[in-house]
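Contents: one structure, followed by commentary.
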Amino acid sequence: MDHTPAVDEAVQLQLELAHLVEPNAPEGFAPKIAAGLDVAYEPGSDRLVAAAVCVDIATLAIVDSAVHEAVADFPYVPGLFGFRELPALLPALDKLSTTPDILVCDGQGLAHPRRFGLACHIGVVTGLPSIGVGKQALGRYEPPGPTRGDWKPLVDNGEIVGRALRTQDDVKPVFVSIGHRIDLDTATGLVLKLSPRYRLPETTRAADHLGREVLAGRVGVQDVRD
DNA sequence: GCGACAG
DNA sequence: ATCTTGTCGC
């Protein structure tokens, strides 16, 4: 990517990079390790902590983690998340001693006005399969049934860009969309697999928790290889 | 034109 | 995203 592009050029960059998104999983794709990515922000400052936590998909055990502290150099603009979080997320990924099979991002992937949300962005840049799991949709959506596993397609301009997925009975749905090198069905199945008990996947819960602990100073960055 | 708007 | 008080449930 670039070194802090201007807001207006960021939009153009997304339109170009969107062509690089691959909507299918690699041959014989059988992910074993999923990495949860999240960024924690310090109130009233530009300081932030990006966290990456690797989880064994079969057991949900945490097998590796890393963080990267930085200063936000791009403003929060809905639709331009990648430019704000990638600069911090990429270094965190590099610090992992494990290469995850798939990245689970906190935000949208294809379910984005220009079909290039954070998950697509980090997927294309790293070349790794990725999926986006947002807590909130960018636009309107049809509520899925009340049971875990129920879902409704997310439609934007006549295109199916993702799914509103119920990960637990009677809890608000999450918004799943592909990021890169994966398909919607596989992404949906993986999100359910990673969310056996809570609304959000264990991957994003773990990354969110680690980021907050480091921000608060309760966990030293050296404890997770900084 | 106006409102809505991932984290 | 983060702040903030209380409440419900395991």
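Letters A, B, ... are given to chains in the order of the sequence lines, protein chains preceding strands, and every chain is numbered from 1. Owing to the predicted nature of the structure, the values given are computational and were not obtained by experimental measurement. Note: hydrogens, waters and symmetry copies are ignored here, and every other heavy atom, side chains too, is used.
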**Prompt:** Which residue, R197(A) or L215(A), contacts DNA chain C at a nucleotide closer to its 5' end, judged by nearest heavy atom?
**Reply:**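 It is L215(A) whose nearest nucleotide is closer to the 5' end.
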How close or far is atom [atom2] of [N] from atom [atom1] of [X], stated in whole angstroms?
{"X": "D106(A)", "N": "dA1(C)", "atom1": "CG", "atom2": "P", "value": "7 Å"}
{"X": "E85(A)", "N": "dA6(B)", "atom1": "CD", "atom2": "P", "value": "13 Å"}
{"X": "R140(A)", "N": "dC5(B)", "atom1": "CZ", "atom2": "C1'", "value": "14 Å"}
{"X": "D170(A)", "N": "dG9(C)", "atom1": "CG", "atom2": "C1'", "value": "15 Å"}
{"X": "D208(A)", "N": "dA6(B)", "atom1": "CG", "atom2": "C1'", "value": "15 Å"}
{"X": "L80(A)", "N": "dG7(B)", "atom1": "CG", "atom2": "P", "value": "15 Å"}
{"X": "D156(A)", "N": "dC5(B)", "atom1": "CG", "atom2": "P", "value": "14 Å"}
{"X": "R84(A)", "N": "dT2(C)", "atom1": "CZ", "atom2": "P", "value": "11 Å"}

**Asked** Given dC5(B), dG7(B), dA1(C), which nucleotide is nearest the side-chain atoms of R212(A)?
**Response**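 Within the option list, the nearest is dA1(C).
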Give one of base, sugar-phosphate or nothing for [X], where a contact means two heavy atoms less than 4.0 Å apart.
{"X": "G44(A)", "answer": "nothing"}
{"X": "A111(A)", "answer": "nothing"}
{"X": "G117(A)", "answer": "base"}

**Asked** Are any non-hydrogen side-chain atoms of D64(A) and K95(A) less than 4.5 angstrom apart?
**Response**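 A side-chain contact is absent here, since even the closest heavy-atom pair is not under 4.5 Å.
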**Message:** Does dA6(B) have its OP1 or OP2 closer than 4.0 Å to a side-chain nitrogen or oxygen of K135(A)?
**Reply:**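 Looking at the OP1 and OP2 atoms of dA6(B), neither is under 4.0 Å from any side-chain N or O of K135(A).
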**Item:** N/O (side chain, Y41(A)) to phosphate O (OP1/OP2, dG7(B)) under 4.0 Å
**Value:**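 Checking Y41(A) against dG7(B): no side-chain N or O falls below 4.0 Å of OP1 or OP2.
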**Request:** Flag the pair R115(A) and E159(A) as a salt bridge only when some basic side-chain nitrogen lies within less than 4.0 angstrom of an acidic carboxylate oxygen.
**Result:**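 Here R115(A) pairs with E159(A) in a salt bridge, since their nearest N and O are under 4.0 Å apart.
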**Item:** E142(A), CD atom: more than 12 neighbouring heavy atoms under 6.0 Å
**Value:**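 No, because the 6.0 Å sphere around CD of E142(A) holds 12 heavy atoms or fewer from other groups.
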**Asked** So, do Y76(A) and dG7(B) meet the stacking rule of ring centres under 5.5 Å and planes under 30°?
**Response**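 Ring-base stacking flag set for Y76(A) and dG7(B).
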**Asked** Do H121(A) and F83(A) have their ring centres less than 6.0 Å from each other?
**Response**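 Centroid separation for H121(A) and F83(A): below 6.0 Å.
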